[in-house]
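Heads up, the thing below is written out as structure tokens.
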Amino acid sequence: NEWLRVDAPGLIDQASRSDEARPPLEGWIVATARFADPVWATAILSNPSVRSKVMLNVGQALDGLASIDRASVLAATAGAVDPVMLASFAGAIPAPWPTPLADAVLDVAELVGREQFPGPGLYELVRAAALRLQPDRADDLTKVASYKDELRPALTDVVETIRLRARIHEAFAAVPRPA
């Protein structure tokens, strides 16, 4: 960055427009994982043309990051990542998800779930979220898993999972703590 005087998003953009895009982009993906750089991971995942230029899984850029940094990168790039890929990447982050990631996943799920017959992205996002959202977000998940205020039949059991988690949390919260 310093030598070329261009930030990571600018370098990724310049490389992705080059006829020889693959080698530098793939090298940066590997280097990003090795050096655990969230700025570069964000730049790589934010640029939609990167996926079509490389033969590597762009998700490898997340490999070296701590869970909290991974969650931050995914929250920042959720709108630019394919929903199925987002579900896969976010599914690797332990529960409970930080609020920015939870909000980003729910926003993308809501967006892809607006159609009567959504693609697999909605189903994968809802499945991942049911196990990793805070249990008090059950109503939010139910909303994005519904179409015209009716829960999609294929997601009934998935939504029941977070509802069960919420009931378990309520039960444990009601148990008096020993003095």
Side-chain angles (χ1 to χ4, degrees), residues 7-10 12-13 16-17 25 29 32 37-54 56-63 65-166 169:
D7 62 0
I12 296 293
D13 184 55
S16 68
R17 289 186 279 122
L25 291 173
I29 289 170
T32 297
D37 191 321
V39 172
W40 274 86
T42 301
I44 289 166
L45 291 177
S46 293
N47 191 314
S49 63
V50 170
R51 288 183 292 286
S52 66
K53 303 281 183 174
V54 298
L56 294 177
N57 176 353
V58 294
Q60 285 180 255
L62 299 168
D63 287 350
L65 299 176
S67 290
I68 192 69
D69 290 333
R70 223 180 247 224
S72 295
V73 169
L74 290 176
T77 61
V81 177
D82 174 75
V84 174
M85 290 175 67
L86 176 61
S88 174
F89 299 158
I93 297 172
W97 282 340
T99 301
L101 177 60
D103 291 343
V105 167
L106 289 172
D107 288 348
V108 171
E110 181 180 12
L111 183 66
V112 297
R114 289 183 180 161
E115 298 178 23
Q116 183 177 1
F117 302 107
L122 172 69
Y123 299 97
E124 295 302 321
L125 287 167
V126 171
R127 285 185 186 103
L131 298 173
R132 291 165 187 88
L133 284 176
Q134 291 280 358
D136 62 358
R137 304 286 305 262
D139 291 340
D140 297 334
L141 189 63
T142 301
K143 179 182 171 195
V144 300
S146 300
Y147 180 72
K148 293 188 177 180
D149 297 326
E150 231 178 276
L151 187 59
R152 294 174 191 273
L155 294 173
T156 302
D157 290 342
V158 177
V159 170
E160 190 54 39
T161 299
I162 196 168
R163 289 178 180 161
L164 175 62
R165 290 179 55 229
H169 276 258

Check your understanding: Looking at CG of L164 and NE2 of H169, how far apart are the two atoms once the value is rounded to the nearest 0.5 Å?
Key -> 10.0 Å

**Study point:** Over all atoms of both residues, closest heavy-atom pair of T156 and L151
**Key:** CA-CD2, 3.7 Å

Exercise for review: Look at the side chain of R70 and the backbone N and O of D63, then say whether any donor-acceptor pair between them is shorter than 3.5 Å.
Suggested key: yes

Exercise for review: State, with a plain yes or no, whether a side-chain heavy atom of L141 is found less than 4.5 Å away from one of V144.
Suggested key: yes

Check your understanding: Between the main-chain N or O of A90 and the side-chain N or O of W97, is there a donor-acceptor pair closer than 3.5 Å?
Key -> yes

Check your understanding: Who pairs with S46 by side-chain contact (heavy atoms from CB on, under 4.5 Å), at least two apart in sequence or on another chain?
Key -> T42, T77

Study note, to complete from the structure: Hits for side chain to side chain donor-acceptor pair (under 3.5 Å) against S88, two or more places apart or cross-chain, chain-then-number order -> none

**Study point:** Distance (rounded to the nearest 0.5 Å) between I44 CD1 and I12 CD1
**Key:** 4.5 Å

Check your understanding: Measuring from R51:CZ to L56:CG, what's the distance to the nearest 0.5 Å?
Key -> 14.0 Å

Review point. So do L62 and D69 actually touch side chain to side chain, heavy atoms under 4.5 Å?
Key: no

**Study point:** Partners meeting side-chain contact (heavy atoms from CB on, under 4.5 Å) with A8 (sequence neighbours left out)
**Key:** N1, V39, W40, A43

Check your understanding: Where do A41 and T32 come nearest, in terms of heavy atoms and distance?
Key -> N-CG2, 3.5 Å

**Study point:** side chain to side chain donor-acceptor pair (under 3.5 Å) involving D103 - partner list, sequence neighbours excluded
**Key:** R137

Report, one line per pair, each donor and acceptor closer than 3.5 Å where one atom sits in a side chain of residues 112-119; sequence neighbours left out.
none

Review point. Any side-chain heavy atom of P9 sitting closer than 4.5 Å to one from N47?
Key: no

Would you tabulate the side-chain donor-acceptor contacts of residues 123-136 under 3.5 Å, counting partners in other chains and residues two or more places apart, or write 'none'?
residue, atom, partner, partner atom, Å
E124, OE2, R127, NH1, 3.3
R132, NE, G91, O, 2.9
R132, NH1, A128, O, 3.1
R132, NH2, G91, O, 3.0

Point to revise | Set of salt bridge (Lys or Arg N to Asp or Glu O under 4.0 Å) partners for D37, sequence neighbours left out | key: none

Point to revise | Distance-minimising heavy-atom pair for P98 and I68 | key: CG-CD1, 4.0 Å

Exercise for review: Evaluate the criterion side chain to side chain contact (heavy atoms under 4.5 Å, CB included) for residue pair M85 and V58; output intermediate values, then yes/no.
Suggested key: CA-CA 10 Å; M85 290 175 67; V58 294; 3.5 Å; yes

Check your understanding: Who passes side-chain contact (heavy atoms from CB on, under 4.5 Å) against E160, sequence neighbours left out?
Key -> R163, R167

Point to revise | side chain to side chain contact (heavy atoms under 4.5 Å, CB included) assessment of L45 paired with L74 | key: CA-CA 8 Å; L45 291 177; L74 290 176; 4.2 Å; yes

Check your understanding: Of all residues at least two apart in sequence or in a different chain, which pass the side chain to side chain donor-acceptor pair (under 3.5 Å) check with D82?
Key -> none

Point to revise | side-chain contact (heavy atoms from CB on, under 4.5 Å) against D139, all qualifying residues, sequence neighbours excluded | key: none

Review point. Would you say L122 and P83 make side-chain contact, with heavy atoms under 4.5 Å?
Key: no

Exercise for review: Check side chain to side chain donor-acceptor pair (under 3.5 Å) between S16 and all other residues, then give those that pass, not counting sequence neighbours.
Suggested key: S49

Point to revise | Minimal non-hydrogen separation, A145 against L155, with atom names | key: CB-CD1, 3.8 Å

**Study point:** Within residues 86-96 or reaching into it, pairs that qualify as salt bridge (charged side-chain N to carboxylate O under 4.0 Å, His left out) - sequence neighbours excluded
**Key:** none

